[in-house]
There are 2 protein chains.
Amino acid sequence: MPNMKDTIKTVAIDLFYKKSYFASGISDIARLAGIQKSSIYYHYSNKEDILFDILNTTMLDLNSSLNQRLEGLKTAEEKIQAAIESHILFHIERQKEVIIADSELRGLSIENYKTITKMRDDYEGKFQKILKKGIDDGSFIKTDYKIISYGILTMCTAVCLWFDQKGRLSKDEIARIYKGFLINGLKKSHRSNSRHQE
Amino acid sequence: MPNMKDTIKTVAIDLFYKKSYFASGISDIARLAGIQKSSIYYHYSNKEDILFDILNTTMLDLNSSLNQRLEGLKTAEEKIQAAIESHILFHIERQKEVIIADSELRGLSIENYKTITKMRDDYEGKFQKILKKGIDDGSFIKTDYKIISYGILTMCTAVCLWFDQKGRLSKDEIARIYKGFLINGLKKSHRSNSRHQE
DNA sequence: TAGTCTACCGAACGATCGTTAGATAATGGC
DNA sequence: GCCATTATCTAACGATCGTTCGGTAGACTA
């Protein structure tokens, strides 16, 4: 017997994912939750409040998921691999929510928008810190770590857009393939100086 | 003196980009175009028709942009570099439209949806063909070319989300950085067999 | 048993939605 | 000077939007 607020949130995630935030009505949510639309306002103060609740918990969970995964790791290579894995797995496991988080920020008021983007920027910052460290200590190729962090993050984020539960590859296989490809791209190639190799 | 249909399309691109398709009203478009909302229906049969027009021309242009850029190229490495560059530059030059194309497919009817996704799949197919060729002839590392094609495409697609006209890097620099990173990731690393190197 | 709180309901609010109908003014061909 | 076409207008349509209001059944508290 789950409480009604959770039910509302769950059906809202479903609707926002399928139809987008603005195309989903309060009455749609109410119908799927099995209550009258006015009852929604007992649990949430307005429509945007539902969206914010979804985005907020998603970002919180994403962040703590990363922190947990990074605990105890030392080298930049270990860390970036763990971060990539954490990011990919979260984006598969929480597919609907992260798709909403990526596409519905325009539904937020200015203050709420700032709250969410602040969390996103902090999260990105952790990836950038790892990359910078790896470049500085010579384990990664010299490159623009900010731009590359965007690249890595968006590449792994987009997994949520095409991942198919019944597809050919499991989430762990996808994480492994991407980790390998990205690490290969980050590490010094045969063409550059080979001080660290051989 | 541009014609009104183009004006409508231009302001619609602006609005859909800023506020999303469903949050933008016909009256918004009309106001910005300087006409009454009923006049919209002289040029477009309904709201979705405007969206489809935007997505359709965007996909057509994206495709012909790639075809042009690939002309005359032979090796997989040349081709994938050219394809990456074409993709990135297009996503910077047509920033607003590609963002709409990436997020507003849910606004289309089933038939229109099929038309657009067909074009997108054909486009993706060209990247996959190049990657497969490069893997088969030994110039790229053995990897899952479908998954990697998604990765490369989404990574380069997402440039449109963070690129800033007044930012630190020009579009050509970004294209160069990404090309370098991705090629490095695709080519055999120092750790694998080195038959092709030295 | 009276009062309070929780979780909902039904009905209505004004505003806006996408769309249509019919009128009109300007233009160009015959 | 007449007719058709083009491009726009005003006015209105029913439907739906997010939100608010007052009411109420049931559970818990004193």
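None of these values were measured; they are calculated from a predicted model. Throughout, a chain's letter reflects where its sequence line sits, starting with A, and its residues are numbered from 1.
Rounded to whole angstrom, the span from the CZ atom of B/Phe22 across to the C1' atom of D/dT16 amounts to 14 Å. Regarding B/Asp49, its CG atom lies at a distance of 14 Å from the P atom of C/dG18, rounded to whole Å. Summarising the geometry, the separation between CD on B/Glu48 and C1' on C/dC17 is reported as 16 Å, rounded to the nearest angstrom. When the C1' atom of C/dA15 is taken as reference, atom CD1 of A/Ile26 falls 16 Å away, rounded to whole Å. Remark: C1' of D/dT16 and NZ of A/Lys47 are 12 Å apart, rounded to the nearest angstrom. In this structure, B/Phe16 atom CZ and C/dG18 atom C1' are separated by 12 Å, rounded to whole Å. We find that CG of A/Leu51 is positioned 15 Å from C1' of D/dG18, with the value rounded to whole Å. A straight line from CG of A/Asn46 to C1' of D/dT19 spans 9 Å, rounded to a whole angstrom.
At least one donor-acceptor pair under 3.5 Å links the side chain of B/Thr7 to the backbone N or O of B/Asn3. One N or O on the side chain of B/Tyr178 and one on the backbone of A/Ile147 form a donor-acceptor pair closer than 3.5 Å. With hydrogens and angles ignored, the 3.5 Å screen pairs a side-chain donor or acceptor of B/Glu48 with a backbone N or O of B/Ser109.
A cation-pi geometry, defined here as NZ or CZ lying under 6.0 Å from the six-membered ring centre and within 45° of its normal, does not hold between A/Lys96 and A/Phe16.
Applying the 4.0 Å criterion to OP1 and OP2 of D/dT8, one finds that B/His43 has a side-chain N or O inside that range. The side chain of A/Ser39 places no N or O atom within less than 4.0 Å of a non-bridging phosphate oxygen (OP1 or OP2) of C/dA7.
With respect to A/Arg168 and A/Glu173, no salt bridge is recorded, no charged nitrogen being found less than 4.0 Å from a carboxylate O. A salt bridge links B/Asp28 to B/Arg31: at least one charged side-chain nitrogen sits closer than 4.0 Å to a carboxylate oxygen. Checked for salt-bridge contact, B/Asp122 and B/Lys118 meet the test: a charged N lies under 4.0 Å from a carboxylate O.
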Apply the test side chain to side chain donor-acceptor pair (under 3.5 Å) to residues A/Ser170 and A/Asp172: give CA-CA distance (whole Å), side-chain angles for both, the deciding distance (0.1 Å), then the verdict. CA-CA 5 Å; A/Ser170 74; A/Asp172 292 311; 4.8 Å; no

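In terms of heavy-atom proximity, B/Lys74 sits nearest to B/Glu78 at N-OE1, 3.0 Å.
Taking the side chain of B/Tyr42 as heavy atoms from C-beta on, and the options C/dC8, D/dA7, C/dG18, the nearest nucleotide is D/dA7. Among the nucleotides C/dG18, D/dG18, C/dC8, the one closest to the side chain of B/Tyr41 is C/dG18.
A heavy atom closer than 4.0 Å to some atom of DNA chain D occurs in A/Ser27, A/Lys37, these being the qualifying members of residues 27-37 of chain A.
With hydrogens and angles ignored, a donor-acceptor pair closer than 3.5 Å exists between the side chain of B/Ser38 and the base of D/dT10.
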Return one dot-bracket line describing DNA chain D 5' to 3' (Watson-Crick or G-U wobble pairs, both distances under 3.5 Å; ( ) same strand, [ ] crossing, | another strand, . none). .||||||||||||||||||||||||||.||

